[in-house]
Amino acid sequence: MRLAMLGPPGAGKGTQARLLAQELNIPQISTGDLLRDAARRHTATGTEARRYMERGLLVPDELALRTVVERMGEGDAVRGFILDGFPRTRAQAVALDEMLASTGQKLSRAVVLEIGDEEIVKRISGRRVCRNCGAMYHAIFDPPRNAELCNQCNGELYQREDDNEDTVRMRLEQYAGKIKPLFQYYEEKGILIRIDGSGPVGDVHRRMLDALKGGAKPA
Ligand code: ADP
Ligand code: ADP
Ligand code: ZN
């Protein structure tokens, strides 16, 4: 299974990607996580990426692509993968297809998680992330046992720098500006699936499994 998870910030891409990746025993590849990690380590890529991320802008396609290519090269993605937050532009989608085609592969499905703006704001404002293992929590919907520590690894939980009102507004604008051509691209290929991302995590997960098992035809 080679999936790409699309959807606005806070839709639950990371949460769902992580769940499915564990079940299928394939890697979750999050460009956001990879870029944040690079920024923390002050690599050249990370330092450049940060300038965009802290303003809520997409990083340049070339930078996002380089990040994914590097990660895919690690070898564990040969049996499949779940891309989380990539592609985000049509140009990235084209580049991804070219990269996969060079080894005789192609994307199985592009899954869009759809939720309303009000829910986005609620989800993002309560998001907490483990600095150590990347696990996701929500202050209200999925609180950790200890407000500051990860249930799984005891790592420190933090609130993302870009999860503030102004930056979120910009990220939503960026999403709205780029998403149509991306949807169109995957619709034309017949692999776009739209999933209702509202309701509890388990419900969304089941909807995804149903759709992927071929119950629903791609939108
Ligand atoms: P969210 O989970 O809220 O959707 P991400 O963690 O996926 O956010 O992304 C955070 C930031 O990282 C984005 O606002 C953008 O600056 C950058 N980013 C992540 N993925 C991409 C991508 N595919 N193309 C361009 N920028 C990206
Ligand atoms: P994305 O990767 O699309 O930005 P996340 O998976 O990081 O989204 O989810 C954003 C926040 O919402 C996190 O705090 C997460 O715990 C929470 N969340 C994810 N899915 C749900 C859901 N179905 N119901 C309630 N909260 C959720
Ligand atoms: Zn953790």
Side-chain angles (χ1 to χ4, degrees), residues 4-20 28-39 45-46 48-68 82-93 95-96 111-115 119-144 146 148-163 167-175 178-179 182 195-208:
M5 304 274 312
L6 322 180
K13 300 182 295 296
T15 302
Q16 296 298 331
R18 209 176 162 88
L19 255 180
L20 197 58
Q28 167 204 6
I29 301 182
S30 158
T31 38
D33 285 353
L34 292 168
L35 291 168
R36 273 186 292 279
D37 188 53
T45 301
E48 195 196 344
R50 177 173 237 148
R51 301 208 318 261
Y52 297 89
M53 294 170 80
E54 67 189 8
R55 288 152 63 201
L57 301 172
L58 292 182
V59 307
D61 286 333
E62 182 270 325
L63 214 165
L65 186 68
R66 197 184 336 137
T67 304
V68 166
I82 303 180
L83 291 171
D84 159 12
F86 184 95
R88 272 180 150 106
T89 65
R90 190 177 187 283
Q92 290 179 13
L96 173 65
V111 178
V112 193
L113 287 181
E114 301 186 305
I115 65 167
E119 193 62 26
I120 288 177
V121 173
K122 280 190 206 155
R123 287 191 186 177
I124 287 187
S125 57
R127 169 157 55 191
R128 302 290 181 272
V129 188
C130 173
R131 214 180 272 289
N132 181 49
C133 76
M136 225 101 56
Y137 298 89
H138 191 283
I140 293 159
F141 303 139
D142 180 22
N146 177 320
E148 276 134 51
L149 298 176
C150 175
N151 290 350
Q152 292 173 35
C153 77
N154 248 18
E156 180 205 356
L157 300 183
Y158 76 108
Q159 182 160 27
R160 273 168 48 179
E161 239 180 287
D162 60 346
D163 276 353
T167 315
V168 170
R169 198 173 305 124
M170 179 57 83
R171 282 154 64 202
L172 285 171
E173 269 175 38
Q174 296 268 292
Y175 180 78
K178 305 278 181 188
I179 199 62
L182 196 53
I195 307 275
D196 174 6
S198 65
V201 171
D203 290 6
V204 180
H205 180 60
R206 269 184 297 277
R207 272 177 223 138
M208 267 184 63

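What you see below is based on every heavy atom in this structure, not just the backbone, and it leaves out hydrogens, waters and symmetry mates. Both counts, for ligands and for their atoms, begin at 1 and track the order of listing.
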Please write down residue, atom name and distance for the protein heavy atom closest to atom 20 (N) of ligand 1.
Thr31 OG1, 2.8 Å

CG of Asp196 to CD of Glu114, rounded to nearest 0.5 Å, is 8.0 Å

Where is the nearest protein heavy atom to atom 11 (C) of ligand 1: which residue, which atom, and how far?
Met53 CE, 3.8 Å

Are any of the N/O atoms on Asp84, whether in the backbone or the side chain, positioned under 3.5 angstrom from an N/O atom of ligand 2?
no

If you define the side chain from C-beta out and look only at heavy atoms, does anything of Arg160 sit under 4.5 Å from Arg127?
yes

For ligand 2 and Ile124, I'd like to know whether there is a polar contact (N/O to N/O, distance under 3.5 Å).
no

Counting only N and O atoms by type, is there a donor-acceptor contact under 3.5 Å from the side chain of Thr31 to the main-chain atoms of Gly85?
yes

Any N/O of Lys13 closer than 3.5 Å to an N/O of ligand 2?
yes

With atoms numbered from 1 as shown, which atoms in ligand 2 lie under 4.0 angstrom from a non-hydrogen atom of Gly14?
1 (P), 2 (O), 6 (O)

Mind listing the closest non-hydrogen atom pair of Pro87 and Leu96 along with its distance?
CD-CD2, 4.1 Å

Got a second to check how far Asp162's CG is from Leu57's CG, nearest 0.5 Å?
11.0 Å

Would you mind listing which atoms of ligand 1 come within a distance below 4.0 Å of any non-hydrogen atom of Gly85?
20 (N), 21 (C), 22 (C), 23 (N)

Pick from Arg88, Met5, Glu54: the one approaching atom 9 (O) of ligand 1 most closely through a non-hydrogen atom:
Arg88

Check each atom of ligand 2 against the heavy atoms of Thr15 and keep those under 4.0 Å away; list them by number with element.
5 (P), 6 (O), 9 (O), 15 (C), 19 (C)

Ranking Arg160, Met170, Arg171 by closest non-hydrogen atom to atom 10 (C) of ligand 1, top hit is Arg160

Atom 18 (N) of ligand 2 sits nearest the protein heavy atom Arg123 CD, 4.1 Å

When you measure from atom 26 (N) of ligand 1 to every protein heavy atom, which one gives the shortest distance, and what is it?
Val59 N, 3.0 Å

For Leu35, the ligand 1 atoms whose distance to one of its heavy atoms is below 4.0 Å:
17 (C), 18 (N), 19 (C)

Do NZ/NE/NH1/NH2 and the carboxylate oxygens of Asp163 and Arg128 come within less than 4.0 Å?
no

Ligand 1 to Gly32, heavy atom cutoff 4.0 Å, flagged ligand atoms 5 (P), 6 (O), 9 (O), 19 (C)

Counting from 1 in the order shown, the ligand 1 atoms closer than 4.0 Å to a non-hydrogen atom of Arg127 are 2 (O), 3 (O)

4.5 Å side-chain heavy-atom contact, Leu65 and Gln92:
no

Flag the pair Glu62 and Arg66 as a salt bridge only when some basic side-chain nitrogen lies within less than 4.0 angstrom of an acidic carboxylate oxygen.
yes

Just to the nearest 10 degrees, tell me the angle at the Zn ion (ligand 3) spanned by Cys153 SG and Cys150 SG.
110°

Counting both backbone and side chain atoms, is some N or O of Gly56 under 3.5 Å from an N or O of ligand 1?
no

Donor-acceptor check, side chain of Lys13 to backbone of Pro8, threshold 3.5 angstrom: yes or no?
yes

Quick one: which ligand 1 atoms are inside 4.0 Å of a heavy atom on Leu57?
15 (C), 16 (O)

When you measure from atom 8 (O) of ligand 2 to every protein heavy atom, which one gives the shortest distance, and what is it?
Gly12 N, 3.0 Å

If the contact criterion is a heavy-atom separation under 4.0 Å, does Gln174 count as touching ligand 1?
no

So, is Phe141 polar-close to ligand 2, with some N/O to N/O distance under 3.5 Å?
no

Would you say atom 13 (C) of ligand 1 touches the protein, meaning some protein heavy atom is under 4.0 Å from it?
no

Under 4.0 Å, heavy-atom basis, I'd like to know which part of Ala64 is in contact with ligand 1: side chain, backbone, both or neither.
side chain

Protein residue, atom and distance nearest to atom 17 (C) of ligand 2, heavy-atom basis
His138 CD2, 4.0 Å

Test of understanding: given a 4.0 Å heavy-atom threshold, classify the contact between Asp142 and ligand 2 as side chain, backbone, both, or neither.
neither

For residues Val201 and Asp142, determine if any side-chain heavy atom of one lies less than 4.5 Å from a side-chain heavy atom of the other.
no

Just wondering, do Phe86 and Ile29 contact through their side chains at under 4.5 Å, heavy atoms?
no

With rounding to the nearest 0.5 Å, note down the distance linking CZ in Arg88 to CG in Leu83.
11.5 Å

How many angstroms lie between atom CZ of Arg123 and atom OG of Ser198, to the nearest 0.5 angstrom?
7.0 Å

Student check: side-chain heavy atoms of Ile124 and Arg171 closer than 4.5 Å:
yes

Using a plain distance cutoff, I'd like to know if Arg36 has any nitrogen or oxygen under 3.5 Å from a nitrogen or oxygen of ligand 1.
yes

Which is it for Pro200 and ligand 2 at heavy atoms under 4.0 Å: side chain, backbone, both or neither?
backbone

List every atom of ligand 1 that sits less than 4.0 Å from any heavy atom of Gln92, numbering the atoms from 1 in the order shown and giving each element.
22 (C), 23 (N), 24 (N), 25 (C)

With heavy-atom distances below 4.0 Å as the criterion, list the atoms of ligand 2 near Gly199.
22 (C), 23 (N), 24 (N)

Under 4.5 Å between any side-chain heavy atoms of Asn151 and Tyr137, yes or no?
yes

Could you tell me the separation between the CD1 atom of Ile120 and the NZ atom of Lys122, rounded to the nearest 0.5 Å?
12.0 Å

Sub-3.5 Å donor-acceptor pair from the side chain of Gln174 to the main-chain atoms of Leu58, do we have one?
yes

Backbone or side-chain N or O of Tyr52 under 3.5 Å from ligand 1 N or O
no

Do any N/O atoms on Pro8 end up under 3.5 angstrom from N/O atoms on ligand 1?
no

Quick check: Met136 and ligand 2, any N/O pair under 3.5 Å apart?
no

The reported gap from CE in Met136 to SG in Cys130 (rounded to nearest 0.5 angstrom) is 11.0 Å

